[in-house]
Amino acid sequence: MSQVQQLYQLQQVDTEIREKKQRLGEVLRAQKKTQELLAARKRLETAVADLQTWQSKRQDLDLELQSLKNKAKSAERRLYSGNVKNPKELTDLQHAIESMGRQRAALEDELLEAMIMIEDAETEQTAADESLQTITAAWEKEQTNLKQEQNQLALRLHTLTGQRGQIAARIPDRLLAEYDSLSKKMRGVAVAKLQQGICQGCRLNVSEHTAKSVQEGRMTYCNSCGRILAG
Ligand SMILES: [Zn+2]
(Lines give C-alpha, C1' and ligand atoms only; values in the text may rest on other atoms or scores of the structure.)
Protein backbone atom coordinates (compact mmCIF):
# COMPACT_ATOMS: atom_id res chain seq x y z
CA MET A 1 0.00 0.00 0.00
CA SER A 2 1.37 3.39 -0.96
CA GLN A 3 1.93 6.08 1.67
CA VAL A 4 -0.84 8.17 0.19
CA GLN A 5 -3.25 5.24 0.52
CA GLN A 6 -2.18 4.74 4.13
CA LEU A 7 -2.74 8.41 4.86
CA TYR A 8 -6.15 8.23 3.22
CA GLN A 9 -7.02 5.23 5.39
CA LEU A 10 -5.96 7.22 8.44
CA GLN A 11 -8.10 10.11 7.25
CA GLN A 12 -11.17 7.88 6.93
CA VAL A 13 -10.75 6.55 10.45
CA ASP A 14 -10.16 10.05 11.83
CA THR A 15 -13.25 11.38 10.07
CA GLU A 16 -15.40 8.62 11.53
CA ILE A 17 -13.89 9.18 15.00
CA ARG A 18 -14.76 12.87 14.75
CA GLU A 19 -18.35 12.16 13.66
CA LYS A 20 -18.91 9.53 16.33
CA LYS A 21 -17.50 11.79 19.07
CA GLN A 22 -19.78 14.60 17.97
CA ARG A 23 -22.81 12.31 18.02
CA LEU A 24 -21.78 10.94 21.42
CA GLY A 25 -21.79 14.50 22.75
CA GLU A 26 -25.30 15.04 21.39
CA VAL A 27 -26.51 11.75 22.86
CA LEU A 28 -25.09 12.62 26.29
CA ARG A 29 -26.66 16.08 26.24
CA ALA A 30 -30.04 14.63 25.21
CA GLN A 31 -30.00 12.36 28.24
CA LYS A 32 -30.38 15.29 30.56
CA LYS A 33 -33.90 16.06 31.72
CA THR A 34 -35.95 17.65 29.00
CA GLN A 35 -37.76 20.95 29.42
CA GLU A 36 -41.08 19.30 28.67
CA LEU A 37 -40.69 16.86 31.52
CA LEU A 38 -39.65 19.59 33.94
CA ALA A 39 -42.67 21.71 32.95
CA ALA A 40 -45.03 18.75 33.49
CA ARG A 41 -43.55 18.11 36.96
CA LYS A 42 -43.90 21.79 37.84
CA ARG A 43 -47.54 21.77 36.71
CA LEU A 44 -48.35 18.83 38.99
CA GLU A 45 -46.51 20.42 41.93
CA THR A 46 -48.51 23.62 41.48
CA ALA A 47 -51.79 21.69 41.23
CA VAL A 48 -51.05 19.72 44.42
CA ALA A 49 -50.09 22.91 46.28
CA ASP A 50 -53.26 24.71 45.11
CA LEU A 51 -55.43 21.82 46.21
CA GLN A 52 -53.79 21.74 49.64
CA THR A 53 -54.23 25.49 50.05
CA TRP A 54 -57.96 25.31 49.33
CA GLN A 55 -58.49 22.21 51.47
CA SER A 56 -56.86 23.86 54.43
CA LYS A 57 -58.86 27.05 53.80
CA ARG A 58 -62.02 24.94 53.82
CA GLN A 59 -61.06 23.33 57.13
CA ASP A 60 -60.45 26.73 58.70
CA LEU A 61 -63.82 27.99 57.46
CA ASP A 62 -65.58 24.87 58.76
CA LEU A 63 -64.10 25.39 62.21
CA GLU A 64 -64.89 29.09 62.22
CA LEU A 65 -68.48 28.42 61.15
CA GLN A 66 -68.93 25.72 63.76
CA SER A 67 -67.65 27.97 66.53
CA LEU A 68 -69.93 30.80 65.35
CA LYS A 69 -72.94 28.47 65.31
CA ASN A 70 -72.18 27.38 68.88
CA LYS A 71 -71.83 30.98 70.02
CA ALA A 72 -75.14 31.94 68.36
CA LYS A 73 -76.89 28.93 69.89
CA SER A 74 -75.76 29.78 73.40
CA ALA A 75 -76.74 33.45 72.89
CA GLU A 76 -80.17 32.34 71.73
CA ARG A 77 -80.54 30.03 74.72
CA ARG A 78 -79.67 32.90 77.00
CA LEU A 79 -82.09 35.23 75.19
CA TYR A 80 -85.02 32.82 75.55
CA SER A 81 -84.10 31.51 79.00
CA GLY A 82 -85.98 34.26 80.78
CA ASN A 83 -82.98 34.87 83.02
CA VAL A 84 -82.08 38.15 81.30
CA LYS A 85 -84.36 40.86 82.61
CA ASN A 86 -82.41 44.02 81.80
CA PRO A 87 -83.91 45.55 78.55
CA LYS A 88 -80.51 46.99 77.48
CA GLU A 89 -78.90 43.58 77.84
CA LEU A 90 -81.76 41.95 75.95
CA THR A 91 -81.37 44.39 73.04
CA ASP A 92 -77.61 43.89 72.97
CA LEU A 93 -78.10 40.13 72.91
CA GLN A 94 -80.54 40.42 70.01
CA HIS A 95 -78.13 42.62 68.05
CA ALA A 96 -75.31 40.19 68.70
CA ILE A 97 -77.40 37.30 67.39
CA GLU A 98 -78.30 39.27 64.25
CA SER A 99 -74.67 40.18 63.69
CA MET A 100 -73.65 36.54 64.06
CA GLY A 101 -76.30 35.64 61.47
CA ARG A 102 -74.69 38.01 58.96
CA GLN A 103 -71.22 36.64 59.73
CA ARG A 104 -72.55 33.13 59.24
CA ALA A 105 -73.97 33.97 55.79
CA ALA A 106 -70.62 35.50 54.74
CA LEU A 107 -68.72 32.45 56.00
CA GLU A 108 -71.08 30.12 54.15
CA ASP A 109 -70.44 32.06 50.93
CA GLU A 110 -66.69 31.72 51.46
CA LEU A 111 -67.08 28.03 52.18
CA LEU A 112 -69.02 27.52 48.96
CA GLU A 113 -66.28 29.30 47.01
CA ALA A 114 -63.61 27.13 48.65
CA MET A 115 -65.53 23.99 47.68
CA ILE A 116 -65.74 25.12 44.06
CA MET A 117 -62.00 25.88 44.08
CA ILE A 118 -61.28 22.43 45.54
CA GLU A 119 -63.24 20.80 42.71
CA ASP A 120 -61.31 22.82 40.11
CA ALA A 121 -58.01 22.02 41.78
CA GLU A 122 -58.85 18.31 41.84
CA THR A 123 -59.66 18.37 38.12
CA GLU A 124 -56.38 20.17 37.38
CA GLN A 125 -54.40 17.75 39.54
CA THR A 126 -55.83 14.74 37.69
CA ALA A 127 -55.04 16.33 34.30
CA ALA A 128 -51.51 17.31 35.40
CA ASP A 129 -50.89 13.81 36.75
CA GLU A 130 -52.02 12.14 33.50
CA SER A 131 -49.93 14.53 31.41
CA LEU A 132 -46.83 13.85 33.53
CA GLN A 133 -47.32 10.09 33.18
CA THR A 134 -47.59 10.31 29.38
CA ILE A 135 -44.53 12.56 29.09
CA THR A 136 -42.51 10.43 31.51
CA ALA A 137 -43.29 7.24 29.56
CA ALA A 138 -42.18 8.85 26.27
CA TRP A 139 -39.08 10.27 27.94
CA GLU A 140 -38.08 6.93 29.45
CA LYS A 141 -38.44 5.21 26.08
CA GLU A 142 -36.25 7.88 24.47
CA GLN A 143 -33.67 7.54 27.25
CA THR A 144 -33.46 3.79 26.66
CA ASN A 145 -32.79 4.37 22.97
CA LEU A 146 -30.20 7.04 23.71
CA LYS A 147 -28.43 4.79 26.23
CA GLN A 148 -28.31 2.04 23.63
CA GLU A 149 -26.88 4.41 21.02
CA GLN A 150 -24.35 5.68 23.56
CA ASN A 151 -23.10 2.14 24.16
CA GLN A 152 -22.83 1.45 20.43
CA LEU A 153 -20.92 4.69 19.87
CA ALA A 154 -18.51 3.97 22.72
CA LEU A 155 -17.86 0.49 21.35
CA ARG A 156 -17.29 1.79 17.82
CA LEU A 157 -14.95 4.53 19.08
CA HIS A 158 -12.94 1.92 20.95
CA THR A 159 -12.54 -0.14 17.75
CA LEU A 160 -11.66 2.93 15.68
CA THR A 161 -9.01 4.06 18.16
CA GLY A 162 -7.41 0.62 17.91
CA GLN A 163 -7.49 0.76 14.11
CA ARG A 164 -6.01 4.22 14.10
CA GLY A 165 -3.09 3.03 16.20
CA GLN A 166 -2.38 0.17 13.78
CA ILE A 167 -2.54 2.39 10.70
CA ALA A 168 -0.47 5.17 12.25
CA ALA A 169 2.22 2.66 13.30
CA ARG A 170 2.90 1.89 9.64
CA ILE A 171 3.34 5.53 8.63
CA PRO A 172 6.73 7.26 9.04
CA ASP A 173 6.83 9.83 11.86
CA ARG A 174 7.72 12.71 9.57
CA LEU A 175 4.66 12.05 7.39
CA LEU A 176 2.42 11.58 10.40
CA ALA A 177 3.53 14.92 11.79
CA GLU A 178 2.77 16.56 8.44
CA TYR A 179 -0.66 14.91 8.41
CA ASP A 180 -1.43 16.13 11.93
CA SER A 181 -0.42 19.70 11.25
CA LEU A 182 -2.34 19.78 7.94
CA SER A 183 -5.36 18.24 9.68
CA LYS A 184 -5.36 21.03 12.27
CA LYS A 185 -5.24 23.69 9.56
CA MET A 186 -7.91 22.02 7.41
CA ARG A 187 -10.55 21.43 10.09
CA GLY A 188 -9.79 17.73 10.41
CA VAL A 189 -9.46 16.86 6.73
CA ALA A 190 -5.81 16.57 5.66
CA VAL A 191 -6.37 14.06 2.87
CA ALA A 192 -8.99 14.54 0.17
CA LYS A 193 -10.11 12.26 -2.67
CA LEU A 194 -9.54 13.41 -6.21
CA GLN A 195 -12.62 12.58 -8.25
CA GLN A 196 -12.86 13.42 -11.96
CA GLY A 197 -10.16 16.03 -11.56
CA ILE A 198 -11.95 17.72 -8.63
CA CYS A 199 -10.47 17.90 -5.12
CA GLN A 200 -13.20 16.69 -2.71
CA GLY A 201 -11.75 18.90 0.01
CA CYS A 202 -12.24 22.25 -1.69
CA ARG A 203 -14.37 21.21 -4.71
CA LEU A 204 -12.01 22.88 -7.17
CA ASN A 205 -10.37 21.46 -10.31
CA VAL A 206 -6.71 20.56 -10.10
CA SER A 207 -4.20 20.92 -12.93
CA GLU A 208 -3.62 18.03 -15.35
CA HIS A 209 -0.12 17.72 -14.02
CA THR A 210 -1.43 17.30 -10.46
CA ALA A 211 -4.07 14.77 -11.55
CA LYS A 212 -1.40 12.73 -13.33
CA SER A 213 0.83 12.75 -10.26
CA VAL A 214 -2.07 11.48 -8.14
CA GLN A 215 -2.76 8.70 -10.65
CA GLU A 216 0.85 7.61 -10.37
CA GLY A 217 0.41 7.26 -6.60
CA ARG A 218 2.85 10.02 -5.64
CA MET A 219 2.45 12.38 -2.68
CA THR A 220 0.59 15.25 -4.32
CA TYR A 221 -1.02 18.38 -2.90
CA CYS A 222 -4.12 20.19 -4.12
CA ASN A 223 -3.13 23.38 -6.00
CA SER A 224 -5.94 25.30 -4.26
CA CYS A 225 -6.35 24.10 -0.65
CA GLY A 226 -3.03 22.34 -0.09
CA ARG A 227 -4.56 19.04 1.09
CA ILE A 228 -2.88 15.75 0.25
CA LEU A 229 -4.75 14.20 -2.67
CA ALA A 230 -5.73 10.52 -2.78
CA GLY A 231 -6.67 8.78 -6.01
ZN1 LIG B 1 -8.38 21.18 -2.63
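Numbering of ligands and ligand atoms starts at 1, following listing order.
Counting only protein N, O or S atoms closer than 2.8 Å to the Zn ion (ligand 1) gives 4.
At distances below 3.5 Å, not a single donor-acceptor pair connects side-chain atoms of Ser99 with backbone N or O atoms of His95. Between the side chain of Gln11 and the main chain of Ala190, a donor-acceptor pair closer than 3.5 Å is present. Side-chain N or O atoms of Ser56 include none that pairs as donor or acceptor with a backbone N or O of Trp54 at under 3.5 Å.
Residues Gln9 and Gln163 have side chains that never bring a donor and an acceptor to within less than 3.5 angstrom of each other.
With contacts defined as side-chain heavy-atom distances shorter than 4.5 Å, the pair Val191/Leu10 does not qualify.
For residues 149-170, every residue pair satisfying the salt bridge (charged side-chain N to carboxylate O under 4.0 Å, His left out) rule, not counting sequence neighbours, is listed here: Asp14-Arg164, Glu16-Arg156, Arg23-Glu149, Arg164-Asp180.
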